[in-house]
*Asks:* 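Before I ask anything, here is the structure I am working with.
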Amino acid sequence: MSELKIYNSIHRQKEVFTPITPGHVGMYVCGPTVSGESHLGHARPYITFDVVNRYLRFLGYKVRYVRNITDAGHFEEEGREAEDKISKKAILEKLEPMELVQKYTNLYHWAMLQFNNLEPSIEPTATGHIIEQIEMIKKIMEKGYAYEVDGSVYFDVKKYAASYDYGILSGRVLEDMLETTRELEGQDEKRNKADFALWKKAPPEHIMRWPSPWGEGFPGWHIECSAMSAKYLGSQFDIHGGGMDLQFPHHECEIAQSEIAHGELMARYWMHNNMITINGRKMGKSYGNTITLTEMFSGNNPQLEKGYSPMVIRFFVLQTHYRGTLDFSNEALQAAEKGLQRLWAAYEVLQKLTYSSNGQPINEELDKQVRQLCAELPDFMNDDFNTAKVMANLFELAPVINSLKGGQIKMHEISEDTFQLLQYSWKTYLVDILGIQMEVLGTDEDKLDGVLQMLINMRKEAKARKDYATSDKIRNELLAVGIQLKDEKDGSVSYSIVQD
RNA sequence: GGUUUCAUGGCCGAGUGGCUAGGCAGAGCUCUGCAAAAGCUCGUACAGCGGUUCGAAUCCGCUUGAAACCUCCA
């Protein structure tokens, strides 16, 4: 079998994955800022890295997956007073800052559950690690790469760049940046434009504030990920993931801080997922074209023709390679919905099939083809998590499964081993690794099934006496409430719940 | 302005120096009381212009178009 290769953003090439500690993987992924509701764009990294997590586990690695929650609103805008995004919004909504944080954290967790994302091993919060962040800033100051101005602390990028490679991740050149960045509007305590805040002094109206050696304030944006990843994964770990838009400045700054504080490159493999676009444009707050996840599910957004279930979105995301942009459109989502239904139907059929052979000969060509399609699956995953190709092969196998059921292909035409490989492959790749899981009916399932069987029998009786008006009425009215009947070849009737 | 990336059939999207991606939509056929589902078959794409090559959509150059990052952003 092939080796796992990961496209490492820092070297701009695919590299064989070798963990620092054999058998173990430390992975850090930048999580959400819980000052608002997650939108479709946010879903991509969480789904992408969920599959990475799942696949690494499948390969037998013991994975420690850390995904943070940024609950300390902190950022600075050039030319303006530093402001606290979270406390600002909190005033608008008349909520305590932590109340707001809790609300959106809960909503986020709920969405992750809907997507069938496995929970991270550790989900640290920024506010829970203020001490670690302060300690790390102190260390950077001791080394002489940070300076304090009026209660704020800045990282000295120019000094850092003199001895280290600032731009190693993003490919940026410091000189270019110094020349090309925008005009300052008055404020600047920073020695250089490229310097970034490690700690910011809190203005009086700022609600979220903590005591520090430099007075009351709050941590800079980049420091939390460096401090928390080091605490739980060590000063160097295996994989750092996040969206492409975080590559600069966020990840570049993380690297610089961590290098000074811990003396080594913080992560060995950097993975960046590409953006979701809408009408060719990145979905983002600044463009005002976001669709929140609850809107996606409900369809309550002018850009949506209807709601799409979380699994449809997961499927939609995984049908594309994670490094490519993914263009949102209703047509594409509806295509994904149909595709998912077909794939899942085939999966359910496959799980119910049992192997039997009466000693008749195997169709060697077919048997070989099925084995090959299954055998390629790990190769695709190993090739930088090519979920799109995995999907394609599953789709190619679907007609075989359906034919096995429909009788176009007889079971004896494939060997028992091949059949078992087929069942195993679908369960493993579709369900365990891609994480596709259609919601099972709740506890009322038995009752619903009982009612449906009754209706199916009534329809059968009507058909037997050629009362098609009645049989069609039953079928059509069930369809209207979202239950599709299917007349099988053997005369039995099955049903499926239509996704909406 | 700087840095970088991308350009594939009606739509979404893989991939590769020469061999069918796949899905959705569409057409025909089979099955069926009808329908749905399912099965079979079909379109024959790779922005434009040059170049390298026996051969390029895949490599190089130019042109055009689009996007991302440089500022909070997944």
Side-chain angles (χ1 to χ4, degrees), chain A residues 12 29-33 35-36 38-49 73-80 83 85 167 170-173 175-177 179-182 194 221 241-250 272-277 280-287 290 315-316 319-321 323-343 345-346 349 380 383 386-396 398-403 405-409 463 466-468 471-472 475-476 479 484-489 494 496 498:
Chain A
R12 269 148 263 204
V29 173
C30 294
T33 300
S35 62
S38 297
H39 64 250
L40 180 60
H42 296 112
R44 171 107 102 143
Y46 306 136
I47 292 169
T48 299
F49 290 104
H74 47 60
F75 76 108
E76 50 172 347
E77 256 180 69
E78 296 298 344
R80 289 191 210 164
E83 61 183 345
K85 201 193 279 181
S170 58
R172 246 157 256 275
V173 182
E175 286 70 35
D176 291 346
M177 291 171 49
E179 284 167 18
T180 59
T181 37
R182 296 203 179 89
W221 175 39
M244 235 169 212
D245 50 355
L246 294 183
Q247 204 164 351
F248 191 89
H250 186 52
H272 291 98
N273 63 276
N274 214 132
M275 302 293 103
I276 287 183
T277 58
R281 229 176 164 170
K282 173 184 168 183
M283 184 179 284
K285 282 172 214 157
S286 345
Y287 299 120
T290 57
F315 179 88
F316 173 67
Q319 238 185 335
T320 309
H321 186 84
R323 279 189 289 112
T325 56
L326 170 57
D327 199 50
F328 165 90
S329 70
N330 281 283
E331 209 178 351
L333 259 298
Q334 277 158 34
E337 190 168 66
K338 290 266 182 69
L340 171 61
Q341 242 164 48
R342 180 172 153 79
L343 213 52
V349 164
F380 293 155
D383 184 16
N386 198 330
T387 56
K389 282 199 138 191
V390 170
M391 294 271 199
N393 270 28
L394 293 179
F395 270 112
E396 286 203 66
V400 175
I401 294 168
N402 288 327
S403 295
K405 185 192 182 201
Q408 295 94 332
I409 296 176
K463 276 175 73 176
K466 296 213 187 317
D467 178 5
Y468 295 124
S471 67
D472 287 355
R475 184 177 67 200
N476 294 339
L479 183 61
Q484 173 84 62
L485 296 187
K486 294 175 194 170
D487 293 332
E488 303 294 352
K489 292 250 187 307
S494 67
S496 62
V498 178

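A note on names: the letters A, B, ... follow the listed sequences, proteins ahead of strands, and every chain is numbered from 1.
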*Asks:* Whether the side chain of A:Asp383 engages the backbone of A:Asn386 through a donor-acceptor N/O pair (distance < 3.5 Å, no angle test) should be reported.
*Replies:* no

*Asks:* Does B:G33 have OP1 or OP2 sitting under 4.0 Å from an N or O in the side chain of A:Lys463?
*Replies:*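 Looking at the OP1 and OP2 atoms of B:G33, neither is under 4.0 Å from any side-chain N or O of A:Lys463.
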
*Asks:* Considering all heavy atoms of both residues, which atom of A:Thr325 and which atom of A:Thr320 are nearest to each other, and what is their separation?
*Replies:*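 The pair with the smallest heavy-atom distance is O-CG2, 4.0 Å.
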
*Asks:* Output the rounded distance in Å from NZ (A:Lys389) to P (B:C12).
*Replies:*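 Computing the A:Lys389:NZ to B:C12:P distance gives 21 Å.
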
*Asks:* In whole Å, I'd like the distance from the CG atom of A:Leu485 to the P atom of B:A36.
*Replies:*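 Nearest whole value for this atom pair: 14 Å.
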
*Asks:* Could you tell me whether A:Gly242 contacts a base, only the sugar-phosphate backbone, or nothing, with contacts defined as non-hydrogen atoms closer than 4.0 Å?
*Replies:* sugar-phosphate

*Asks:* Are OP1 or OP2 of B:A37 and a side-chain N or O of A:Lys405 less than 4.0 angstrom apart?
*Replies:* no

*Asks:* Would you indicate, yes or no, if B:G15 has its OP1 or OP2 atom less than 4.0 angstrom from a side-chain nitrogen or oxygen of A:Asn386?
*Replies:*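 Indeed, a polar side-chain atom of A:Asn386 lies that close.
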
*Asks:* Check whether any side-chain nitrogen or oxygen of A:Arg12 sits under 4.0 Å from OP1 or OP2 of B:U4, and answer yes or no.
*Replies:* no

*Asks:* Heavy atoms from C-beta onward define the side chain here; which of B:C12, B:C24, B:A35 lies closest to that of A:Arg342?
*Replies:* B:C24

*Asks:* Reckon A:Tyr287 touches a base, only the sugar-phosphate, or nothing at all at heavy-atom distances under 4.0 Å?
*Replies:* sugar-phosphate

*Asks:* Output the single nucleotide from B:A67, B:C69, B:G23 whose closest atom is nearest the side chain of A:Arg281.
*Replies:* B:A67

*Asks:* Contact class for A:Ser286 (heavy atom, under 4.0 Å): base, sugar-phosphate, or nothing?
*Replies:*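 Here A:Ser286 touches the bases of the nucleic acid.
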
*Asks:* Tell me whether the OP1 or OP2 atom of B:C34 has a side-chain N or O from A:Arg475 closer than 4.0 Å.
*Replies:*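 So the side-chain polar atoms of A:Arg475 never come under 4.0 Å of the phosphate oxygens OP1 or OP2 of B:C34.
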
*Asks:* How is A:His39 classified with respect to the nucleic acid when contacts are heavy atoms under 4.0 Å: base, sugar-phosphate, or nothing?
*Replies:*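 If one applies the 4.0 Å heavy-atom cut-off, A:His39 turns out to touch a base.
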
